[in-house]
Amino acid sequence: MTSPFKNAAELEKHQKQLQGQKQLPSTIAVCTSGCVAYGANRLVDAFTKAVKSRKIGDQVRIIATGCQGFCERGPLVVVHPQEWFYEKVDGKDINDILDSALKGKVLKRLLHKDAKGKTYQKESEVPFYRNQKRLLLAQNSRIDPCSIDDYLRAGGYAALAKALTKMAPEEVIEQITASGLRGRGGGGFPAGVKWKSCRAAASKNGVRYIICNADEGDPGAFMDRALIEGNPHSVIEGMIIGAWAVGHPGKPQGFVYIRNEYPLAVERLGIALEQARAAGLLGKNILGSGLNFDIQVNRGGGAFVCGESTALMASIEGDVGRPRAKHIHTVEVGLNGKPSNLNNVETWANVPLIIDHGVKWFTKIGTGDVSDNPWGGSKGTKIFALVGKVKNTGLVEVPMGATLREIIYDIGGGIRDGKKFKAVQTGGPSGGCLPESKLDVPVDFDTLVQEGSMMGSGGMIVMDEDTCMVDVAKYFVGFLKFESCGNCTSCRDGLIRLHELLEDITTGRGSEATIQLIEDLAETVRASSLCALGTSAVNPLQSTLRYFRDEYLAHVQDQRCPAKVCKELITFTIDAKKCNGCTLCAKRCPQDTIEGKKKKPYTIIQDNCIKCGICMDVCQQDAVIVQ
Amino acid sequence: MSANPASKSQPVSALPPLSGKPMRQVGSTGPLVLLPNRCTGCRTCELACAFAHSEDGNLGLSRIRIHPAGPDRYVQVTCLQCVNAACVQVCPTQALVRNADTGAICHDENRCVGCGLCETACPFGHMHFAVEMRKPVKCDLCGGRPACAMFCPHEALEWR
Amino acid sequence: MPIRFKINDVAVEAKPGEGLLDVARRNGFSIPSLCHLESVPAIGACRICLVEVRRGRRSKLTTSCNYEVLDGIEVSTDSPEIRRHRAMNLELLLARAPSSEAIRKLAAQYGVSQPRFGPIKYNPLPNCILCELCVRACTELGHHALTTVGRGDRKRIGLPFNKPADTCVGCGACASVCPTHCIPMTDTLTKRAIWGQKHDFVRCSECGAPVITKKHRDHAIATKGLPEDYYDVCQSCKQIATSQRFAAIVW
Ligand SMILES: Cc1cc2nc3c(=O)[nH]c(=O)nc-3n(C[C@H](O)[C@H](O)[C@H](O)COP(=O)(O)O)c2cc1C
Ligand code: SF4
Ligand code: SF4
Ligand code: SF4
Ligand code: SF4
Ligand code: SF4
Ligand code: FES
Ligand code: FES
């Protein structure tokens, strides 16, 4: 970078220059996102040191990237330009990787092997990646998120230049509307429609807020984190285009409300913002267009509910983050009483792609027809955090309309340990659980809602046959009763009571009347709570009642937990025919409640058993039975 | 000099003038006129008021009080609906508002937060706090048909 | 321009920005409510003031206290569905505040006498229904001596920074607005105890009865512009003085 770009031509020139520059023969991209947990940071340090001591800095470049997706196999390393994909990389592999990169010969032992033992060289060939459509995440294993030049080289900020010089704000809004882009933060509200109302809303002094929701409070979700840590400029570029479309001419001001537990994302976003300012892409008269816009970072209040739009705005204002009634929309009266346009990280990241590649390209991906109704379908891709009992956990990006089966089996590799699939929960803690019979439904905004779940922001938890669905419902209701802001009787007390009632069922104290009361109460929670936390909180409960009612009935009618999870409803016993009296279980039982003589069958004294299941885990003879 | 017109040392003229007109009768509250010289102390007015303002005729909620003033002499005390009313002035929630039709300063339950300032401020000791309800009790002229005047058997209260 | 709309098919008018519940009450419609006063900001906590609002083709349940009126809406204040959800919310509240007369009465109107839920586990201020009227009233009066603490099932009413606030004047408004009268406040001749502190009373110069707390008086003098001796005498003594002065005029 030299000096700020005064206009689009200067930006383009710099971009051309970068693209023409000769690259070092090898770039080694190390994931430093979640993989840090497996020591990825030490890996980067070690790589850097080795490059230095071996004096090969003119041949190899080491970059620390955001999440590359296949977290299950982390730490991941990708060697460019060959795109060699190495998994479970360890400190002692460093020199081998460097050698292979210098020689241009792939290092076989670190390649990905599938269940049948077949190996894959390139990232894009690995089944986990092959079945995805990575547009937003495309750059995550390629660029250094702390380098604006990397982003520019990959074509970044071209969309901004195009919007600011060739398109009127209204035209940008038209394109976004026509693209059918819908909010990725949960609601699926058409972004173009939102932008249009915000632009139209009256603001006395011309101030309009352009806000990015990076609160990402869903447990287990990390889509937004991956985007900010891996490609922060794409989000910034989207927001600047948004400022042009929604707030120009006027005084648009930007905020990123980011979860406090994401220090690396905060750091990288801060660096990226600095770079954008230095490049004249934020600040006064951006690219000579007359647009004045800057973005400020706000650390989240640390509560799940702070991700809700009105709570988020209250939190930015310095109040307790809690929702208020939204009969008047925040696009008209939002932050500080001004028109405010809030979108999710992933929504913003889609914007440059659409402007760059055009509406036609974007609408080809996905379901439905949005040509005359932005609600008419779901377009583009969606990133999911695929977790739970699948073989390949990680971050996956698929076209809207991909089926659950494709995501879980083709990408996720199916269920772990040869178990049977039971349910998948989409949409975070307030999403619904869908059974096997729904595996072939297309994943898009409207179908998921129809089936009793929702897109949410992209959590996807896969459950196997060992999961008790009553227990699952109890878990999510428990999470939400804790995270409710506590304002509404129906949400706060409703969830407390639902949790108690579910507890009754899982401990064998429930009856059919309990189920009836749960159903009635759940309806009130949904119908009479103020914000979407309350109105959607009963999704997991209602969907499991809809699809797994027999499990509830087994608990209350036969005092039986079919998945053998609910402790009060199960007993552990030792099959005398199988037990060889090895004493292993007796030694490990934390309650000392397994008795017997060596080499003779042992027995569990039930009174003291706490149903921890350790005996079953340690028994080599499969002699411990759970009923 | 004490500014509290209720202190005994104060001359009667210190009572706030009513609607700018000279007092027609002692303690005239505008159209509701108190005539102590006719009052027999029967306290029908208190009961009437209590029933007009509560289901069970709780006398603690009566807005009018009969005070003995010597042998066979009684005076009625109720709200004077003052022009520059102290209660209105102190109320932090604008819960005391004059009704344009009746001239009564009415207490708005939907606004009052029960801070009690009005009771303390009223120089005539009219406003009082109903302890159970934790809300002040104040004459509202019964919306234009004062029960006390309707039921006084001796015409010691007149609604003109 | 007034806002015109309908409540139960009756045409009503309101000023822009007014709350639906306030407008409905003013026009004589009764909607039950437990957490609303016109003088404090509406938050929609109790969920009892539910109504159905139809706007164009779309109709939805909403609480009326925090609903700003809009032109052309059609409101109904009662329906089997509304009653069902009010009843369930009242059942939840009754379980939280079993000894509140007000809630018991209202719940009974909705056919709820015995809640199907047990005592609430975390409720450090027994019978508090977390309506936040106390907090909002105190804030509205400018004292800012109360706050909510925590969220979800651990939410409670508490003191800022967990200690009695210097700014509390002991006015007792919080105790007055509380729909369940659950805030402990005890008065002796000399002192009022509330929220962990004791406030000295101004004593009646005639009879010695407590009149107002000294702090509240000082606050009132500073903000309300009435002279100090307005606060010297208690209500009963003032009333007796008034009667004596009337008598002096007549006889
Ligand atoms: C309880 C609750 C939590 C939410 N958390 C988030 C969040 O973490 N991130 C997010 O983008 N949206 C979240 N939302 C959705 C936002 O309210 C809002 O709809 C969204 O940010 C709008 O952006 P979009 O239209 O681009 O999706 C949450 C909503 C609720 C009700
Ligand atoms: S629904 Fe729940 S989270 Fe939302 S405002 Fe009400 S209590 Fe708070
Ligand atoms: S209550 Fe007292 S101060 Fe208020 S109008 Fe009546 S007499 Fe005057
Ligand atoms: S008690 Fe009520 S009416 Fe009296 S001053 Fe306080 S808020 Fe106003
Ligand atoms: S008594 Fe204290 S806490 Fe209560 S309203 Fe008055 S100032 Fe606030
Ligand atoms: S103490 Fe009373 S007023 Fe305060 S929140 Fe609880 S119930 Fe409401
Ligand atoms: S965190 Fe490293 S691949 Fe996802
Ligand atoms: S009065 Fe409206 S929610 Fe309580």
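Letters A, B, ... are given to chains in the order of the sequence lines, protein chains preceding strands, and every chain is numbered from 1. Keep in mind that what you see is a predicted model, and the values were worked out from it rather than measured.
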Colleague: So for atom CZ, which belongs to B/Phe129, do other residues, nucleotides or ligands contribute more than 12 heavy atoms lying within a distance under 6.0 Å?
Modeller: yes

Colleague: Is the number of heavy atoms from other residues, nucleotides or ligands within 6.0 Å of CD (C/Glu228) greater than 12?
Modeller: no

Colleague: By a 4.5 Å heavy-atom criterion (distance strictly below it), what part of C/Leu37 contacts chain B: side chain, backbone, both, or neither?
Modeller: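 C/Leu37 touches chain B through backbone and side-chain heavy atoms alike.
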
Colleague: Distance check, rounded to the nearest 0.5 Å: C/Ser243 atom OG versus B/Arg65 atom CZ?
Modeller: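 CZ of B/Arg65 is found 12.0 Å from OG of C/Ser243.
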
Colleague: Check B/Ala121 against C/Tyr230 and note the closest heavy-atom contact, atom names and distance.
Modeller: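 What the structure gives for the nearest pair is O-CD2, 3.2 Å.
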
Colleague: Calculate, to the nearest 0.5 Å, the distance between atoms SG and NE2 belonging to C/Cys234 and B/His128 respectively.
Modeller: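 The SG atom of C/Cys234 sits 12.5 Å away from the NE2 atom of B/His128.
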
Colleague: Examine whether an atom of C/His36 lies under 4.5 Å from a heavy atom of chain B, and if so say whether it belongs to the side chain, the backbone or both; otherwise answer neither.
Modeller: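 Neither; nothing under 4.5 Å.
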
Colleague: Got C/Lys224 and B/Pro92 here, is their nearest side-chain heavy-atom distance under 4.5 Å?
Modeller: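 Yes, at least one pair of side-chain atoms sits under 4.5 Å.
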
Colleague: Going by residue number, which parts of residues 93-120 of chain B are within reach of chain C, meaning a heavy-atom gap below 4.5 Å?
Modeller: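 Hits under 4.5 Å: B/Thr93, B/Asp108, B/Glu109, B/Asn110, B/Arg111, B/Cys112, B/Val113, B/Gly114, B/Cys115, B/Leu117, B/Glu119, B/Thr120.
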
Colleague: Checking heavy atoms, do the side chain of B/Tyr74, its backbone, both or neither come under 4.5 Å from chain C?
Modeller: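 Backbone only.
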
Colleague: Is the closest side-chain heavy-atom distance between C/Phe246 and B/Leu34 below 4.5 Å?
Modeller: yes

Colleague: Heavy atoms only, distances under 4.5 angstrom: which of C/Cys134, C/Cys138, C/Gly172 has the most pairs with chain B? Name it, please.
Modeller: C/Gly172

Colleague: Got more than 12 heavy atoms from elsewhere within 6.0 Å of CG, B/Asp72?
Modeller: no

Colleague: Taking atom CZ of B/Arg43 as the centre, report whether more than 12 heavy atoms of other residues, nucleotides or ligands fall under 6.0 Å from it.
Modeller: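 Atom CZ in B/Arg43 is not crowded, with 12 or fewer foreign heavy atoms closer than 6.0 Å.
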
Colleague: Taking all heavy atoms of C/Lys238 and all of B/Pro123, pick out the closest pair and write down the distance.
Modeller: CD-O, 3.7 Å

Colleague: With respect to chain B, which residue among C/Leu141, C/Leu133, C/Val211 yields the maximal number of heavy-atom pairs within a distance under 4.5 Å?
Modeller: C/Leu141

Colleague: Side chain from CB out, backbone as N, CA, C, O: work out which of these in C/Arg136 comes under 4.5 Å of a heavy atom of chain B, or both, or neither.
Modeller: neither

Colleague: I'd like to know whether CZ of B/Arg38 has more than 12 heavy-atom contacts from other residues, nucleotides or ligands below 6.0 angstrom.
Modeller: yes

Colleague: When rounded to the nearest 0.5 angstrom, what distance separates NE2 in B/His126 from OG1 in C/Thr242?
Modeller: 11.0 Å

Colleague: If you measure from CD on C/Gln239 to CZ on B/Phe124, what distance do you get to the nearest 0.5 Å?
Modeller: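 It comes to 12.0 Å.
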
